[in-house]
Structure formats: structure tokens, C-alpha cells
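Excluded from the calculations below are hydrogen atoms, water molecules and symmetry mates; all remaining heavy atoms, backbone and side chain alike, are included. Throughout, residue positions are numbered sequentially from 1 according to the sequence presented.
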Amino acid sequence: MKFQKKHIVAAALILALGAAVYANWQLSSTGKANAKELGAASYVNATVSATADESVGEKSLSKEQQGYFASERVKRRSAQDEIIDKSREIFDSDSSDEEKSEAQKNVEQMIKNFTIQDSIEAIIKAKGFADCLCCISEEGVTVIVPKEQLNDKAALVIDDAVTSHYKVSYENISIVGA
């Protein structure tokens, strides 16, 4: 008797599984017609043209502009290195604790500004600008971008990138075309 019950239960489970597979197959075959329409070749091979703003972002820089941005980065880096070297001299010398503390604060602020400048530059480049420079000073923030890419939309993108990483009012953000 035990042997027959096991066979009946197994047969019922196999029958239920077969019915589920058949129902799934029937339901999925009706969806294939719709999927064929959605992936039609006309949609796959469609071309999209860039807007005027998007195509400006893809232009490469002229040799003059590349030279300008490269030389300004070198100038900025050398000025930063000079300040760090002066701070090291203060640390290594027999200066007072007050001078060392002030030098440490200056170095910490400079490193913070380096990081913020790099973040702002990376965001602006990610938004489609060919290149940019960000300079943080006591007066505010100056962002230099290629002049061909300056427009109203560019100003909004740059303002957003600057204010999201540095607490400065819009009046203290200067955007310059190079």
C-alpha cells in the first residue's frame, strides 16, 4: 500500500509540473510577436544627431589652447610646490610653535583647495568640456574653459559644479574663456 501511495504522489507532481511548463510555454509564445515589433531593425539602426551644445563639447582644443592649459597647470603646480617648500623650511627650522602651527594650517588649507580644484575640474570635464582650470582664491573661484564652449547652459553647469564642492556664492564665481 505504501508503495502505491508514493507512485500516485510522484505521478501527480510530474503531471502538475508538466502542466506548469505547458502553461508557461503557451503564455510566453504570445509575447514573442510584441517583442519582435519593439526590436524592429528601424529602431536598432536609427541615427541620432547631436544638438549644437553637444557637438561643441566634442571639439578638440587648438594647439594654442592646449599649450595655454598646460602652461597654466605648470605655473599653478610650481606656485603650490613653492608654498609647500617654504612651509617645510619652517617645520625644519628652529621656528616658534606658533609659526609652525600657522604653517601647518596653511598647508592643510592648500591641500583642501587642491582637492576641491581637482574635483571641480573633473566634474566640468565630465560634463562635456574639453578642458578647464579651476583657481580658488580668497576673492572667490575662477573657472577657465575654452571660449568656444561658453554659453548660458555652460555657465549653469559650471556654477553647479563649483557650488556643489565649494561654499561660495554665485557672485564670487568667475567664468573665463581661453
Q | Over 12 non-hydrogen atoms of neighbours within 6.0 angstrom of CG in Asp81 | A | yes
Q.
Between Gln149 (side chain only) and Phe129 (backbone N and O only), is there a donor and an acceptor less than 3.5 Å apart?
A. no
Q) Between atom NZ of Lys5 and atom CD1 of Ile8, what is the distance when rounded to the nearest 0.5 Å? A) 9.0 Å
**Q.** Salt bridge flag under 4.0 Å for residues Glu121 and Arg76
**A.** yes
**Q.** Tyr166 and Ser119, any side-chain heavy atoms less than 4.5 Å apart
**A.** no
Q. Has the side chain of Gln117 got a donor or acceptor atom that lies under 3.5 Å from a matching backbone atom of Phe114?
A. no
Q: Spell out, yes or no, whether Val162 and Ile123 are grouped together once hydrophobic residues are joined by side-chain heavy atoms under 4.5 Å, including indirect joins.
A: no
(Q) Looking at every non-hydrogen atom in both residues, tell me the closest pair between Gly140 and Val168 and how far apart they are. (A) CA-CG2, 4.4 Å
Q.
With rounding to the nearest 0.5 angstrom, report the CD1 to CD1 distance, Ile136 to Ile120.
A. 5.0 Å
Output side-chain donor-acceptor pairs under 3.5 Å for residues 171-178, partner residues at least two apart or in another chain, one line each.
| from | atom 1 | to | atom 2 | distance (Å) |
| --- | --- | --- | --- | --- |
| Glu171 | OE1 | Ser169 | OG | 3.2 |
| Asn172 | ND2 | Ser169 | OG | 3.3 |

(Q) Please enumerate all residues that pass side chain to side chain donor-acceptor pair (under 3.5 Å) together with Gln66, with sequence neighbours excluded. (A) none
Q: Dump the intermediate steps for side chain to side chain contact (heavy atoms under 4.5 Å, CB included) on Lys125 and Asp131, then the final yes or no.
A: CA-CA 6 Å; Lys125 288 178 187 176; Asp131 205 350; 3.2 Å; yes
Q.
Hydrogens and angles aside, do Ser62 and Glu64 bring a side-chain donor and acceptor to less than 3.5 Å of each other?
A. no
Q | side chain to side chain contact (heavy atoms under 4.5 Å, CB included) assessment of Ile124 paired with Val143 | A | CA-CA 9 Å; Ile124 292 172; Val143 178; 3.6 Å; yes
(Q) Tell me every residue that passes salt bridge (charged side-chain N to carboxylate O under 4.0 Å, His left out) with Glu138, counting only those two or more places apart in sequence or in another chain. (A) none
Q. Who passes side-chain contact (heavy atoms from CB on, under 4.5 Å) against Glu89, sequence neighbours left out?
A. none
Q.
Applying salt bridge (charged side-chain N to carboxylate O under 4.0 Å, His left out), can you list everything that pairs with Arg77, at least two apart in sequence or on another chain?
A. none
(Q) Strictly distance-based, threshold 3.5 Å: is any side-chain N or O of Arg73 a donor or acceptor partner for the main-chain N or O of Tyr68? (A) no
Q.
How long is the straight-line distance from CD1 of Ile158 back to CG of Asp160, given to the nearest 0.5 Å?
A. 11.0 Å
Q) With sequence neighbours left out, what residues match Lys75 under salt bridge (charged side-chain N to carboxylate O under 4.0 Å, His left out)? A) Glu72
Q. Once you round to the nearest 0.5 Å, how far does CD1 of Ile144 lie from CG of Leu150?
A. 11.0 Å
Q | Validation row: Cys134, Val141 side chains within 4.5 angstrom (heavy atoms) | A | yes
